[in-house]
Amino acid sequence: MITVRDLTVTLDQTRVLHGVSCQTPPGGWLCLIGPNGAGKSTVLRAAAGLLAYGGTIRLGEADLGSLRGRARARAIAYVPQAPVLPPDMLVADYVLLGRTPHLGYLSRPGRRDRLVAEAALDKLDVSQFTGRRLEQMSGGERQRVVLARALAAEPSVLLLDEPTSMLDIGHQQQVLELVDGLRRSAGLTVVSTLHDLTIAGQYADELVLLNAGRVAAAGSAVAVLTPGLIAEVYGARVEVRKGHDGRPVVAPVRNVQ
Ligand SMILES: Nc1ncnc2c1ncn2[C@@H]1O[C@H](COP(=O)(O)OP(=O)(O)OP(=O)(O)O)[C@@H](O)[C@H]1O
Ligand SMILES: [Mg+2]
């Protein structure tokens, strides 16, 4: 469904991605991991159509570059790492904006659009805040509202950049299970970044470890989440245990005598 081939991106004369390739089938979940500055957000921004790039990004058979704005916006929803939000906007109005790609020119949201937006608010546990302004929400509540807007767009591909960075552990699980449920029930394809390696390994079927704009390793969680690779790429000391589902649990180890 999404195929990235030889992706290169140059920002302000600095080459940030040096030929990144990765892919995921329809209904798959690909997770980009890697240290700060590795290029994870840049891959997502290129896939969201926000950056000029070299190489190709395909959605099924279609080249992303050939998809027009509205067609692309209907297919792909993107949740940035640090969204800029209009502080005065009401939560309900903001989530309804997710329906914009589905509206005709100059037409207003209809009954179905409102129902879809309400359902998204409900699923993300923020329906009690619909009458609040965005600036009146906590960091995690606001992050869930941004996710609700993305789901309200009913995309076939969801690009999530650190979608749980501000969420407590309960809401983290709730959000990730929700996304996982949508890919199983509706064939949603997910490309995300996640800093928590254990969680990345629990949800994604393919991990792509980026380092300095290149793919350092790719494959299943068991193949990628090894103490050796993590030491090499992150400079971190960890031990990797086997979780109850057989997936790796990555635990930091302190260097104490
Ligand atoms: N406009 C720019 N000009 C030059 N370099 C840039 C520009 N924007 C971003 N970069 C650099 O591109 C590299 C990749 O950034 P990116 O945001 O993709 O990293 P990331 O893997 O998402 O990191 P993080 O884990 O911190 O979110 C970084 O080294 C960053 O400093
Ligand atoms: Mg980032």
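As the structure lists them, so they are numbered: ligands from 1, and atoms in each ligand from 1.
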Gln143-Ser165 side chain donor-acceptor pair, cut-off 3.5 Å = yes

Donor-acceptor pair between Arg5 and Thr56 side chains, under 3.5 angstrom = no

Touching ligand 1 at all, [X]? Heavy atoms, strictly under 4.0 Å?
{"X": "His195", "value": "yes"}
{"X": "Gly213", "value": "no"}
{"X": "Gly39", "value": "yes"}

Can Arg149 be said to sit on top of Tyr94's aromatic six-ring, NZ or CZ under 6.0 Å from centre and within 45° of the ring axis?
-> yes

Provide the number and element of each atom of ligand 1 under 4.0 Å from a heavy atom of Pro35.
-> 21 (O)

Could you tell me which atoms of ligand 1, counted from 1 in the order shown, lie closer than 4.0 angstrom to a heavy atom of Thr42?
-> 14 (C), 15 (O), 16 (P), 18 (O)

Min N/O separation Thr14 to ligand 1 under 3.5 Å | no

Residues in side chain to side chain donor-acceptor pair (under 3.5 Å) contact with Tyr203, at least two apart in sequence or another chain | Glu177

Electrostatic pair Arg99:Glu154 at N-O distance under 4.0 angstrom = yes

Could Arg183 and Asp205 be called an ion pair, given the rule that one side-chain N must be under 4.0 Å from one carboxylate O?
-> yes

Give me the residue, atom name and distance of the protein heavy atom closest to [atom].
{"atom": "atom 26 (O) of ligand 1", "value": "Asn36 ND2, 3.1 Å"}
{"atom": "atom 11 (C) of ligand 1", "value": "Val16 CG2, 4.1 Å"}
{"atom": "atom 1 (N) of ligand 1", "value": "Asp12 OD2, 3.1 Å"}
{"atom": "atom 25 (O) of ligand 1", "value": "Lys40 NZ, 2.7 Å"}
{"atom": "atom 29 (O) of ligand 1", "value": "Gly37 O, 3.5 Å"}
{"atom": "atom 8 (N) of ligand 1", "value": "Leu11 CD1, 3.4 Å"}

The Mg ion (ligand 2) to Ser41: any N/O/S contact under 2.8 Å?
-> yes

Does any N, O or S atom in Thr193 come within less than 2.8 Å of the Mg ion (ligand 2)?
-> no

Could you tell me whether Leu115 atom CG has more than 12 heavy atoms of other residues or ligands within 6.0 Å of it?
-> yes

Measure the shortest side-chain to side-chain distance between [X] and [Y] over non-hydrogen atoms and say whether it is less than 4.5 angstrom.
{"X": "Asn255", "Y": "Arg237", "answer": "yes"}
{"X": "Val79", "Y": "Leu159", "answer": "no"}
{"X": "Asp125", "Y": "Gln174", "answer": "yes"}

Looking only at heavy atoms, is any part of Gln81 under 4.0 Å from ligand 1, and if so is it the side chain, the backbone, or both, or is it neither?
-> side chain

Indicate whether atom 17 (O) of ligand 1 is within a distance of less than 4.0 angstrom of some protein heavy atom.
-> yes

